[in-house]
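First the structure, in the form of structure tokens, and then the observations on it.
The sequence lines fix the lettering, A, B, ..., with proteins before strands; numbering per chain opens at 1.
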Amino acid sequence: MSSEDERTNPPGEQLALIRESVRKAKEPKARRGTWRGADLAEGLPVARVLVDKGVLHLDKYFDYAVPAAMDADAQPGVRVRVRFGAGAHNVVSGRREGGGLIDGFVVARLTESDYAGPLAAIAQVVSPEPVLSPALLRLCRAVADRYAGSLADVIQLAVPARHGRVEKKPSPEPPATPAPPEPGTWSRYPTGPALLRALGRGDSPRAVWTALPGPHWPAELAAAIAATLASGRGALAVLPDGRAAARVDAALTALLGEGHHVLLTADSGPEARYRRWLAVSRGAVRAVVGTRAAMFAPVQDLGLVALWDDGDSSHAEPHAPMPHARDVLLLRATEERAAFLLGGLIRTVEGAQLVETQWALPVDASREEVRAAAPLVRTIGDGDQARDGAARAARLPSLAWQVAREALLRGPVLVQVPRRGYVPRLACERCREPARCGQCAGPLELTDGSSAPQCGWCGRPEAAWHCQECGGFRLRAQVVGARRTADELGRAFPKVPVRTSGRDGILGAVTGTPALVISTPGAEPVAEGGYAAALLLDGWALLNRPDLRAGEETLRRWTGAAALVRPATEGGTVLVLAEPTLRPVQALVRWDPAGHAARELAERAELGFPPVSRMASVTGSPAAVAALVALVELARLPEGAAVLGPVPVSGDRPGGPRRAGDAPAGEHWERMLIRVPPGSGAALAAALKAAQVARTALKQTDQVLVRIDPLDIG
DNA sequence: AGCACGCCGACT
DNA sequence: GTCGGCGTGCTC
């Protein structure tokens, strides 16, 4: 320390200067791991590193010195290991304690650091493969901001685990640019051929596409990808499951052969996945077809992002910060100036909103084409069923038997039954009014192992129920059990083979010969030549859910099954057990998913529901939720924000799987919702992130779950 | 999150 | 005068 300082400076500053001089005096020789400046990389001796720790207040970069030996390898995007921790500043002891080696990514190389202290050196370049490209980093940053999450969390989703062996092998040479594809069945849509031409000449159109029922959509998606490849750009298509991805993969292979694209799904092992991912990252392959995780695939010079069936819940990433594939691809389309194609048999409210705001153009078929492709849809409402004496006895309406019997002469018949785990809800046998709890008006359910029905909300058993509407006292299950229906149908048609497809055993396809195919929603096999008929028996299970999306989801699942049925012109018939006055039922009968979505969107706008307004949910212990929301309000919420709740969230869901946001067993959790007007989503996310940072700074460690645009708000 | 630093009371 | 409590703040 210097005696001069003591004389010329006031005491407070003095102390700081003393510390500073001690630091300067001791650092160069004492601190192991701190760079002494001898063999530093010339030119760009500093590496800015993203330290891979999912902690929010660490969501910033740290600068490290680059040893000369690592100069060539430590390029932006490579994985490194660095020392990180409080021990690094132990000046007095001169020893490095704690602060172990942790993983990170180099995000930039610089001539100097803006950090005043001494830089530690990069401990190790894990591999020279630049896996985190600038474009991928920008995307991850945008996703983290959008979801009030940390960059490190998003990067964990975007960059797969390393496989050293795979990295050592070179990827194949990229194939030559293919010729543009023929319009093919895209000609069935008035704007279809123009969309392909736009993609082929390098434009970036944005479209929300309502696909016609039938088997052509995988080839149409493949043609859009091929057209983009023909422009010399890359393309990415995300599908809800491996089965759908495999269909597009096959269609693309049929169109272009091997080598132009890879299939990125969870089905292939980690090594194969990393090999394919690297081929994409290196630019050896320009097109990707895959499931959710492929939304981050580092396709070079991206020309098109496509998403199929965005209403499928598997497009929502279950890991923090829970981004949705639709939003990630929207961000990519904007940031990478790529075309955007949102396709599906139905239209979600989000899709409708993209059309409504004129961000995207609708691609719809004419009514003539719809009529030519869609099956005949018939309904059986409650009134019909109540009048139908046979139905009450046999559990299935007689019209259903008729349709099945007739169709089985001509081909396979699909029977859509509720998924196991749906708790059957009860209704009055006489008037079909849903049976409600006398205490809290919750729905009555029959649970396994108990004879008396009990309330699905308060759990109270209802021993002596009677109907509030008609005074009836006999109950009837509104949902027909899958296993029993299959048994019954099988017995009724003993000469016809019965095949089942469900969660534990999904059939890919069946032949065109007569057969009964019993399937849960989403697991329907494709039938060669189409089904002769479909019976949709799960209307109540789907429509009765207390969910904002219940109508859309019901229509989506019905349409998914109905689209596998032959057109009405070839005798294809769909029978749906649901009240014909309900909006989704009407949309199915008229085959008008775009109209359904437009009406749902208008209703959401009127009620101030998402996606017209933006929402965030905060879930956790009452104290934690209250504290976080208070901090969000402190961080200043955007104009017009509304804080809703708190409401209790169910701890254990009997009959249902545990989901993110469920309280741990025995704990009482609450949820609050914060709603902001359109255009304030970014401000809301920023305020939430600031509040979370403040919360950790205040050492409030009990868990809270913050979700932007939660899917399941009642 | 760890972990060290530092500013308070109880002890030799 | 020294040891050690935990509250505060930093980690390149």
Side-chain angles (χ1 to χ4, degrees), chain A residues 1 11-24 26-28 30-38 40-41 44-68 70-71 74-76 78-126 132 137 149-153 155-156 320-321 620 624 628 689-706:
Chain A
M1 103 173 54
E13 275 176 47
Q14 200 179 28
L15 228 91
L17 279 165
I18 291 166
R19 270 204 301 276
E20 191 64 17
S21 58
V22 167
R23 194 176 268 189
K24 277 185 185 137
K26 295 222 170 181
E27 266 153 21
R31 292 187 59 208
R32 186 154 51 93
T34 295
W35 208 252
R36 288 187 292 258
L40 225 60
L44 299 169
V46 175
R48 188 146 287 172
V49 173
L50 170 82
V51 170
D52 193 12
K53 263 191 146 189
V55 189
L56 219 50
H57 62 282
L58 288 180
D59 202 358
K60 54 172 188 166
Y61 302 129
F62 292 85
D63 290 346
Y64 284 82
V66 181
M70 298 181 191
D71 187 19
Q75 293 304 312
V78 306
R79 295 179 218 257
V80 290
R81 299 191 32 94
V82 292
R83 289 212 169 268
F84 189 86
H89 260 291
N90 189 345
V91 181
V92 177
S93 71
R95 282 183 301 118
R96 177 174 294 279
E97 303 153 31
L101 283 176
I102 60 172
D103 296 314
F105 295 90
V106 174
V107 297
R109 286 286 296 272
L110 309 164
T111 52
E112 56 186 321
S113 172
D114 51 14
Y115 180 64
L119 299 186
I122 291 174
Q124 182 197 351
V125 175
V126 176
L132 184 63
L137 176 63
S150 78
L151 181 59
D153 276 350
I155 282 171
Q156 199 134 46
L628 186 84
K689 190 158 175 174
Q692 288 182 86
V693 170
R695 218 180 77 91
T696 42
L698 291 169
K699 293 263 191 261
Q700 299 175 4
T701 51
D702 46 342
Q703 207 193 336
V704 277
L705 203 92
V706 172

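Arg695(A) places its CZ atom 14 Å from the C1' atom of dA1(B), with the value rounded to the nearest Å. Between the CG atom of Leu119(A) and the P atom of dT11(C) there is a distance of 12 Å, given to the nearest Å. Leu110(A) has its CG atom 12 Å from the C1' atom of dC12(C), to the nearest Å. The interatomic distance linking Arg48(A) (CZ) with dC12(C) (P) rounds to 15 Å, in whole Å. When rounded to the nearest whole Å, the span between CZ of Arg81(A) and P of dC12(C) equals 15 Å. Atom P of nucleotide dC12(C) and atom CG of Asp63(A) are separated by 11 Å, given to the nearest angstrom. Remark: P of dA1(B) and NZ of Lys60(A) are 16 Å apart, rounded to the nearest angstrom. One can place CG of Asp52(A) at 16 Å from P of dA1(B), the figure rounded to the nearest angstrom.
Side-chain atoms of Leu101(A) and Arg83(A), non-hydrogen and from C-beta on, do get closer than 4.5 Å to each other.
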**Request:** Give the C-alpha distance, both sets of side-chain angles, the deciding distance and a yes or no for side chain to side chain contact (heavy atoms under 4.5 Å, CB included) between Asp702(A) and Arg695(A).
**Result:** CA-CA 10 Å; Asp702(A) 46 342; Arg695(A) 218 180 77 91; 3.4 Å; yes
**Prompt:** Which is it for Asp52(A) and Ile155(A) under the side chain to side chain contact (heavy atoms under 4.5 Å, CB included) test, yes or no, and what are the steps along the way?
**Reply:** CA-CA 8 Å; Asp52(A) 193 12; Ile155(A) 282 171; 5.5 Å; no
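Scored by the salt bridge (Lys or Arg N to Asp or Glu O under 4.0 Å) test, Arg79(A) finds no partners at all (sequence neighbours excluded).
Residue ring and base: Phe62(A) does not count as stacked with dC12(C) (centre distance below 5.5 Å and interplanar angle below 30° not both satisfied).
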